[in-house]
Amino acid sequence: MSEESQVLKVRREKAEELESQGIPLFPNQFKPEDRAGAIKEIFGNYSPEELEKLEATFKVAGRLMARRDFGKAMFIHLQDETGRIQAFIKRDELGPEKFKLFKKYFDLGDIIGVEGPLFKTKTGELTILAKEVVLITKAFRPLPEKYHGLQDVELRYRRRYLDLIMNERVREIFRTRTRIVEFFRRYFSSQGFLEVETPMMQPIPGGATARPFKTYHHALERELYLRIAPELYLKRLLVGGFERVFELNRNFRNEGISIQHNPEFTMLEFYEAYATYEDLMTRTEEIFVNLARELKGDTKIVYQGKEIDFTPPWPRIPFKQALIEIGGVAEEILNDREKVITFAREKEIKIDEREPVLGKLWAKLFDALVEPQLIQPTFIIAFPVDISPLARRNEKDPTVADRFELFIAGREIANAFSELNDPRDQRARFEEQIKQRLKDDPEIHPEIDEDFIRALEYGMPPAAGEGIGIDRVVMLFTDSPSIREVILFPHLRPEQK
RNA sequence: GGGUCGGUAACUCAGUUGGUAGAGUAUCGGCCUUUUAAGCCGAGAGUCGCAGGUUCGAGUCCUGCCCGACCCA
C-alpha cells in the first residue's frame, strides 16, 4: 500500500461516486427537531401500544456509530450530543433505491439525519422507524474500534475530537468542568464580586514565583511576559475602589509538564476588601461544600479510591508544626540551616544547597514530607514571611505571614493571605527577594513593579485574596488522575510526520 | 535531567529460542427484515516509531535518536 491506506481509499471513492450521482456530501439544509436524550427520557417508558398511538414523527441528526445489517433491514445507532438512539432502516419503509444507497454508501462515522415514528423492538429498545434518512456530512476517515474505542493515550490527546466521539466519560469530564467554572462565576457574582479581566501580557511578570514565557511586541518595541498570576493587577483594582473582584482565566508558567502541571492552567483569583485570611478559610469551606453538594449531592467525594469529606471545619495547622508533627522533622533541625541541608541530603530530598532563604528550604521539606499526607481538606497556616512576599505579617509573630494554603488529596489546591498593603514593607520585601535571588534564577524577576508600589502608596484597603487552581478542582470532582484528563488540548511535543 | 514501561494493519492487541508478520473490530464481496460487540461464508489490508549495527537471516539482539505513559529529581 502506498501513501493512502485501503480504508481511506474506499471512503474517498464512495464519496466521489455519491457526488457524481448528484448527492451532496456536505449539505446544510437538515434541521433536526429532536434529540436522542430527550426522546429517550420522554418516551423511554412508553409501551409499544402507547407509542403506536402517538402518530408523531421525530427528526434527529447525529453520527452513525453502529450498524447491524440484516440484508433487507438494519439497525443503526446514531449519536448526538445528548446520547445515542437506535433507528431501524427497513427496505419496505424507505423504498429500494434509498435503502440501497444507504447500505452501499453510508459509513460508520458519517453524520446523518433520520426521520420517522417511534416504536419498541422485541428486546424493548426505543427505536425510530426510518421513513427518511439523509447524508449530512460524509466522513472520510473511519472511527476507532467500536468496542474498545480509542485507548491510546497519545492519540486521545492529539485527536481529542475522536476521544470525545468515542468516550462518553471524556465528554462527561468536560461537561463537569464547565459546571464547575459556572459554579464559581455564579458563587462570586452572588456574593457581590465583580468579574474582571486584567493583562495576560505583562511588562513585569509578578504575583508568583515562576519562570514566565517571554514574547515581544513589535510596535511597542519591548519584551512582554505571559502572566504567571493576575495578583498585582487585581490589587490595583482594590486601590481603584472595587472592593470585591475576581478573575477566572489562564496563567502561564514556563515549567515542566507533569501529572499536575500544564504550562497553561486555569486559576481563579479573588480579592475581598476588609476581609482577612481567616474569613477566607470560612469562605473556602463554604465554596467546597456547596460545590460538592451541587455536583454530587453530598459533602463527600471519592478521589482515586479515597473518600474525601468536605464537612467543615477543616484542620488549621501552622506550617512549622506540620513539618514537625506530620513531616517528622525535629524542631532543632528546622532552626539550623546547616542541619536542614544535612537532613535533606539524608532523606534524599533535592535542594539547592546554596539557597540562602531558610523558608525555601523548609518548603522543600514540606513538599516532600507533609504535602503527600494531607488527604482530607487541610489548611496549612502561618507560612514563613520570607516565602510570602505579598502577604501581611502576623501581628504577634512578624516572622510568619497571615497566609494559608489548602491541601486536598496530597495536593495544593488554594493559596490565600491577608494582603500586604504597607508600601514600605512591600518594597522592602521585593528588594529582599531580589537580593537573595540565586544567580540567574529564572523564577524571580529582577525588576520591581514600581507602579504596583505606587498604587499601594495611594492606599489599598486591608483585604484578603485567594487563588484556587481550577484544573485541580476539576481533577478532584471528576476523579481524574492527571491534569491532562481535564484539559481539552494538553500540550504535547509536535507530532512526527 | 535520570529510571522503568510502551510504539506491530484505520482501531484494540498477540507475536515463542533470531527462521515466510497474526487475531478481533473496521473495510470489501456473498447470505440474512427485530439486532445489541448480531450471526454465517469468503477476501484484501503492514516502512513492525526512525536510523544504524550484529547475523546467512532481525518485529525479536545491540547502539543512537523521536514520540508517549508512569516514577524520581
Side-chain angles (χ1 to χ4, degrees), chain A residues 1-15 17 40 48 51 64-79 83-96 99-100 102-110 116 118-130 139-163 165-167 255-261 304 344-345 347-353 364-365 367-369 372 410 480-485 490-497:
Chain A
M1 201 93 279
S2 54
E3 72 278 351
E4 192 180 25
S5 83
Q6 177 202 29
V7 181
L8 295 184
K9 183 160 177 273
V10 169
R11 289 273 173 129
R12 183 177 49 77
E13 286 168 357
K14 277 187 184 179
E17 283 171 40
K40 287 200 285 191
L51 288 174
L64 184 54
M65 296 300 292
R67 195 167 120 129
R68 290 177 289 279
D69 189 341
F70 285 84
K72 295 180 186 65
M74 65 182 90
F75 288 98
I76 61 170
H77 267 118
L78 186 148
Q79 174 173 296
R84 287 189 185 188
I85 190 157
Q86 181 168 263
F88 192 38
I89 309 290
K90 215 172 161 184
R91 195 176 71 164
D92 295 349
E93 297 288 343
L94 279 184
F99 183 81
K100 195 180 163 195
F102 183 93
K103 186 168 169 153
K104 189 164 165 58
Y105 291 107
F106 285 33
D107 292 308
L108 293 182
D110 290 353
L118 288 173
F119 75 105
K120 271 210 173 143
T121 63
K122 278 180 189 166
T123 53
E125 182 164 346
L126 189 65
T127 303
I128 298 173
L129 179 65
F140 282 76
R141 289 176 181 271
L143 293 176
E145 204 241 7
K146 67 181 174 189
Y147 186 61
H148 299 90
L150 187 66
Q151 301 281 335
D152 185 288
V153 176
E154 186 175 350
L155 268 186
R156 285 186 45 231
Y157 297 155
R158 288 199 195 278
R159 304 189 196 167
R160 185 67 97 177
Y161 41 88
L162 264 191
D163 193 24
I165 291 170
M166 300 305 296
N167 297 320
E255 294 165 349
I257 291 174
S258 83
I259 202 161
Q260 342 183 17
H261 298 87
Q304 302 293 294
R345 214 182 280 144
K347 293 273 180 184
E348 293 182 341
I349 298 165
K350 202 197 165 194
I351 50 166
D352 190 329
E353 299 193 358
K364 292 282 186 190
L365 298 187
D367 291 349
L369 302 173
S480 299
S482 162
I483 196 169
R484 284 178 222 101
E485 290 295 332
H491 287 283
L492 299 176
R493 287 196 172 81
E495 196 173 357
Q496 297 303 107
K497 192 191 81 72

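A close approach under 4.0 Å does occur between a side-chain nitrogen or oxygen of A:R493 and OP1 or OP2 of B:C67. Between A:R484 and B:C70 there is a side-chain polar atom (N or O) within less than 4.0 angstrom of OP1 or OP2. The shortest distance between the side-chain N/O atoms of A:K9 and the OP1/OP2 oxygens of B:A45 is not below 4.0 Å.
Out of B:A45, B:A10, B:C11, the shortest distance to the side chain of A:L155 is found at B:C11.
If you check B:U35 for Watson-Crick or wobble pairing at under 3.5 angstrom, you find it has no partner at all. Judged by Watson-Crick or G-U wobble contacts below 3.5 Å, the nucleotide B:C65 has B:G49 as its partner.
As rounded to the nearest Å, B:A58 and B:G29 have P atoms that lie 39 Å from one another. For the C1' atoms, the distance linking B:G57 with B:G53 amounts to 15 Å, nearest Å. Atom name P, nucleotides B:C61 and B:G6: the rounded distance is 10 Å, in whole Å. Between the C1' atoms of B:G30 and B:C65, the separation comes to 49 Å (whole Å). Comparing B:A45 with B:G22, their C1' atoms are spaced 13 Å from each other, to the whole Å.
A:Q86 is linked by a side-chain hydrogen bond (donor to acceptor under 3.5 Å, both in side chains) to A:R68, A:T127, counting only residues two or more places apart in sequence or in another chain. Remark: A:F99 engages no residue in a ring pair (Phe, Tyr, Trp, His ring centres under 6.0 Å) (not counting sequence neighbours). Residues satisfying the salt bridge (charged side-chain N to carboxylate O under 4.0 Å, His left out) criterion with A:E348, sequence neighbours excluded, are absent altogether. Residues meeting the salt bridge (charged side-chain N to carboxylate O under 4.0 Å, His left out) test with A:K103, sequence neighbours left out: A:D69. Take A:R159 and apply the salt bridge (charged side-chain N to carboxylate O under 4.0 Å, His left out) test, not counting sequence neighbours, and it matches no residue.
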### Query
What string of B, S and - do you get for nucleotides 30-37 of chain B, 5' to 3', if B is base contact, S is sugar-phosphate-only contact and - is no contact with any protein heavy atom under 4.0 Å?
--BBBBBB
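Contact of the A:T121 side chain with the A:L126 side chain is not registered, since no non-hydrogen atoms from C-beta on lie closer than 4.5 Å.
If you find the closest nucleotide of RNA chain B to A:L150 and to A:I349, the one lying nearer the 5' end belongs to A:L150.
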